[in-house]
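The next block holds one structure in the form of structure tokens; read it before the comments.
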There are 2 protein chains.
Amino acid sequence: MNKLVDFVKNRRKIIGLTQKELAEKSGVGLRFIRELEHGKQTLRLDKVNDVLRMFGHMMAPEKIEILETGEK
Amino acid sequence: MNKLVDFVKNRRKIIGLTQKELAEKSGVGLRFIRELEHGKQTLRLDKVNDVLRMFGHMMAPEKIEILETGEK
DNA sequence: TCACATTATACCTTTTAGGGTATATAAAGA
DNA sequence: TCTTTATATACCCTAAAAGGTATAATGTGA
């Protein structure tokens with residue numbers, strides 16, 4: 001449940017692009033797309049935005065929603 | 001009009017923290033806070049999230065809104 | 001099964017983000 | 001004014017992000 005990962009994976013499939021095509025279109029390396037879709041945390045923000053721009057989106061601060069109530 | 005910059009600046013002021021205090025609390029360097037508040041684009045996503053977590057937020061994809069109608 | 005396309009992993013190199021420190025400027029209070 | 005605090009700028013160094021390439025592992029359709 002990583003929002004960025006899910007978003008890019010889904011949108012890419014919808015548009016019908018391969019990782020390679022998305023990389024080329026957004027101007028980042030293929031390895032970057034792979035690392036992004038694998039949930040790497042230490043990505044550079046500008047590169048992430050380069051990719052999101054393909055889908056009309058950008059990274060922005062968003063409130064964290066609580067999703068697990070404390071019970072073990 | 002950089003959402004991240006405005007968000008961090010405002011929240012930090014509201015909480016009444018200095019850049020140094022925010023850096024220490026969020027576990028990043030002071031220089032990072034400075035670069036963030038100056039709109040540096042090439043920040044690392046994990047570090048940005050370290051800071052946003054102090055305010056209960058995280059970076060997530062967000063639709064780009066149109067703000068300028070084409071006239072010069 | 002055999003191609004072919006797509007995705008995943010691993011290695012190497014270059015570039016640079018981030019941290020630390022020192023100094024400079026700015027702002028706020030006496 | 002002079003201090004003190006906060007913020008800004010500049011330097012050096014280390015760690016690692018990103019890219020390229022090669023290879024492996026999946027898939028997918030004959």
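Hydrogens, waters and symmetry mates are skipped; everything else that's a heavy atom, side chains included, is used. Below, read A as the first sequence line, B as the second, and so on, with proteins coming before strands; counting in each chain starts at 1.
Counting all heavy atoms, side chain and backbone alike, Gly16(A) lies closest to Glu21(A) at O-OE1, 3.9 Å. Listed here is the closest heavy atom pair of Ser26(B) and Asp50(B): CB-O, 3.5 Å. Smallest separation of non-hydrogen atoms from Val5(B) and Leu36(B): CG2-O, 3.3 Å.
Between the P atom of dT16(C) and the CG atom of Leu43(B) lies a distance of 15 Å, rounded to the nearest Å. For the pair Leu36(A) CG and dT7(C) P, the computed distance is 14 Å after rounding to whole Å. In this entry the distance linking CD of Gln41(B) with P of dG18(C) reads 12 Å, nearest Å. Nucleotide dA17(D) holds its C1' atom 14 Å from the CD1 atom of Ile33(A), rounded to whole Å.
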Exercise for the section: Could you run through nucleotides 7-16 of chain D and give me one letter per nucleotide, 5' to 3': B if any protein heavy atom sits under 4.0 Å from the base, S if only the sugar-phosphate is that close, - if neither? Expected result: BBBB------
Handout entry: Base-contact (B) and sugar-phosphate-only (S) positions in nucleotides 25-30 of chain C, heavy-atom cut-off under 4.0 Å, - elsewhere
Key = ------
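In this structure, CG in Leu4(B) is found 9.0 Å from CD in Gln41(B), a value given to the nearest 0.5 Å. Rounded to the nearest 0.5 angstrom, Phe55(A) CZ and Leu17(A) CG are separated by 6.5 Å.
Residues Arg12(B) and Glu37(B) form a side-chain contact, since some pair of their non-hydrogen atoms from C-beta on lies under 4.5 Å apart. Annotation: side chain of Val48(B) is in contact with side chain of Phe32(B) (closest heavy-atom distance under 4.5 Å).
With hydrogens and angles ignored, the 3.5 Å screen pairs a side-chain donor or acceptor of Asn49(A) with a backbone N or O of Met59(A).
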